[in-house]
Amino acid sequence: MISPPLDVAAELSAAVADYHAHDDLGALVDRLRQLAAAADPDAIAAATAPFRAMPEVVIPVYERVVAERPADAQAHVILANAYWLTGRGAEAVERLALRARAIDPANRGAWHLWALAESEIRARIARWLEVVRHFPDDSLARAAMADNAVSLAGAEHDPQALDLAIATYQQLLDEAPTPTHRRALEETLTKLREWKL
């Protein structure tokens with residue numbers, strides 16, 4: 001007797017529904033690992049798309065997808081992001097981000113996760129600077145760099161970090177797409193310009 005073809009999307013949705021009903025994380029992970037082992041990597045990756053905001057779904061599936069598709073930069077980024085969200089550890093995140101960058105140097109997500117994975121704030125700012133050099137139009141990277149510079153300026157009374165933050169926020173203000181963004185950046189700049197270090 002021939003088994004019916006595996007409906008990966010239905011199986012994955014059923015596993016998530018059971019998890020919501022019973023709140024049994026171990027059962028979910030076991031079920032998803034079994035499903036990922038039996039399914040085509042492309043099919044299981046596609047079926048996971050609606051659940052990308054759930055690291056508990058992404059991790060067991062994408063550990064298998066990355067193993068099966070080692071040249072897929074985006075799969076590495078998706079897994080690294082899920083690790084980051086669950087506090088899996090900066091080393092694991094950085095390792096996946098560096099692999100993704102090596103596969104596809106234009107993958108911004110890989111660069112962002114690589115920068116986030118740095119725990120020391122000065123080194124993290126240096127990483128964000130490198131991201132901005134590679135992607136000059138990346139407003140999110142510039143905002144992250146400025147936010148980190150503000151933290152450093154406040155923690156260590158560092159005037160250079162404060163200057164970097166002000167200059168970066170000013171650039172973001174000059175390019176702000178909406179009045180709401182403009183107001184938020186103007187308020188931030190007003191406060192920072194009043195700081196006495």
Side-chain angles (χ1 to χ4, degrees), residues 16 20 45-59 61-62 72-88 90 93-94 96-101 103-197:
V16 173
H20 286 310
T48 307
F51 306 105
R52 287 272 172 80
M54 297 178 67
E56 63 269 47
V57 173
V58 172
I59 289 171
V61 168
Y62 270 83
D72 184 338
Q74 191 59 27
H76 284 74
V77 168
I78 291 167
L79 181 57
N81 186 62
Y83 279 179
W84 177 256
L85 292 173
T86 56
R88 186 64 69 95
V93 172
E94 182 174 19
L96 285 163
L98 286 171
R99 268 193 245 150
R101 274 180 43 189
I103 297 162
D104 179 7
N107 188 307
R108 287 187 199 206
W111 285 86
H112 282 218
L113 286 159
W114 168 74
L116 285 169
E118 175 53 59
S119 59
E120 199 280 312
I121 192 163
R122 285 186 188 278
R124 189 164 57 250
I125 292 168
R127 286 189 181 192
W128 281 119
L129 278 166
E130 193 170 338
V131 175
V132 169
R133 277 195 290 274
H134 281 274
F135 305 102
D137 297 328
D138 189 337
S139 297
L140 184 59
R142 285 187 285 155
M145 181 181 68
D147 291 347
N148 280 272
V150 168
S151 296
L152 178 61
E156 298 187 15
H157 306 288
D158 185 323
Q160 289 179 321
L162 181 59
D163 289 346
L164 174 63
I166 289 171
T168 306
Y169 284 133
Q170 183 62 56
Q171 289 174 346
L172 291 168
L173 174 60
D174 294 342
E175 302 164 7
T178 68
T180 303
H181 282 98
R182 287 190 65 78
R183 276 193 301 277
L185 287 162
E186 285 166 352
E187 289 172 11
T188 299
L189 282 164
T190 298
K191 289 176 187 171
L192 290 178
R193 286 177 174 135
E194 293 171 352
W195 277 21
K196 301 285 187 273
L197 297 181

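What's counted below: heavy atoms across the whole structure, side chains too, no hydrogens, waters or symmetry copies.
- The two residues Val93 and Ala80 make their nearest non-hydrogen contact at CG2-O, 3.7 Å.
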Practice task
Please assess Arg193 against Gln170 for the test side-chain contact (heavy atoms from CB on, under 4.5 Å), listing each intermediate value before the final yes or no.
Solution key: CA-CA 11 Å; Arg193 286 177 174 135; Gln170 183 62 56; 2.9 Å; yes

Exercise for the section: Give the C-alpha distance, both sets of side-chain angles, the deciding distance and a yes or no for side-chain contact (heavy atoms from CB on, under 4.5 Å) between Leu189 and Ile166. Expected result: CA-CA 6 Å; Leu189 282 164; Ile166 289 171; 3.9 Å; yes

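- Side chains of Trp128 and Asp138 form no contact here, defined as non-hydrogen atoms less than 4.5 Å apart.
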Problem - Stepwise side-chain contact (heavy atoms from CB on, under 4.5 Å) check, Met54 with Val16 - result: CA-CA 10 Å; Met54 297 178 67; Val16 173; 4.1 Å; yes

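- A 4.5 Å side-chain heavy-atom check between Met145 and Leu164 finds at least one atom pair inside the cut-off.
- Counting all heavy atoms, side chain and backbone alike, Asn107 lies closest to Gly109 at OD1-N, 3.0 Å.
- Between the side chain of His76 and the backbone N or O of Asp72, at least one donor-acceptor pair lies under 3.5 Å.
- Rounding to the nearest 0.5 Å places CG of Leu113 at 5.5 Å from CG of Asn81.
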Practice task
Please assess Leu116 against Glu94 for the test side-chain contact (heavy atoms from CB on, under 4.5 Å), listing each intermediate value before the final yes or no.
Solution key: CA-CA 8 Å; Leu116 285 169; Glu94 182 174 19; over 6 Å; no

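- Without hydrogens or angle criteria, Arg182 side chain to Ala176 main chain gives no donor-acceptor distance under 3.5 Å.
- Between Ala97 and Ala110, the shortest heavy-atom contact is CB-O, 3.4 Å.
- Between Ala146 and Ala165, the shortest heavy-atom distance links the atoms O-CB, 3.7 Å.
- Salt-bridge formation is not detected for the pair Lys191/Glu187: no Lys NZ or Arg NE/NH1/NH2 atom is positioned less than 4.0 Å from an Asp or Glu carboxylate oxygen.
- One finds the OH atom of Tyr169 at 8.0 Å from the CG atom of Leu185 (value rounded to the nearest 0.5 Å).
- Under the 3.5 Å distance criterion, the side-chain polar atoms of Arg127 are matched with a main-chain donor or acceptor of Trp114.
- Between Tyr62 and Arg52, some side-chain heavy-atom pair lies under the 4.5 Å cut-off.
- For the atom pair Ile125 CD1 and Arg122 CZ, the distance stands at 7.0 Å (nearest 0.5 Å).
- A pairwise comparison of heavy atoms in Leu162 and Ala153 identifies N-CB, 3.7 Å as the closest pair.
- The CG atom of Asp158 sits 4.5 Å away from the CG atom of Leu152 when rounded to the nearest 0.5 Å.
- Electrostatic pairing of Glu175 and Arg142 counts as a salt bridge here, judged by a charged N lying under 4.0 Å from a carboxylate O.
- Without hydrogens or angle criteria, Arg124 side chain to Glu118 main chain gives a donor-acceptor distance under 3.5 Å.
- Counting heavy atoms of neighbouring residues, nucleotides and ligands inside a 6.0 Å radius, atom NE2 of His134 exceeds 12 of them.
- The distance from atom OG1 of Thr48 to atom CD1 of Ile59, rounded to the nearest 0.5 Å, is 12.0 Å.
- For the pair Leu96/Val77, no side-chain contact is recorded, criterion being any heavy-atom separation below 4.5 Å from C-beta on.
- Ring pair Phe135/Trp111 is perpendicular by interplanar angle, where above 60° counts as perpendicular and below 30° as parallel.
- Between the CD atom of Gln74 and the CD1 atom of Ile78 there is a distance of 4.5 Å, given to the nearest 0.5 Å.
- Counting all heavy atoms, side chain and backbone alike, Ala90 lies closest to Ala117 at CB-O, 3.2 Å.
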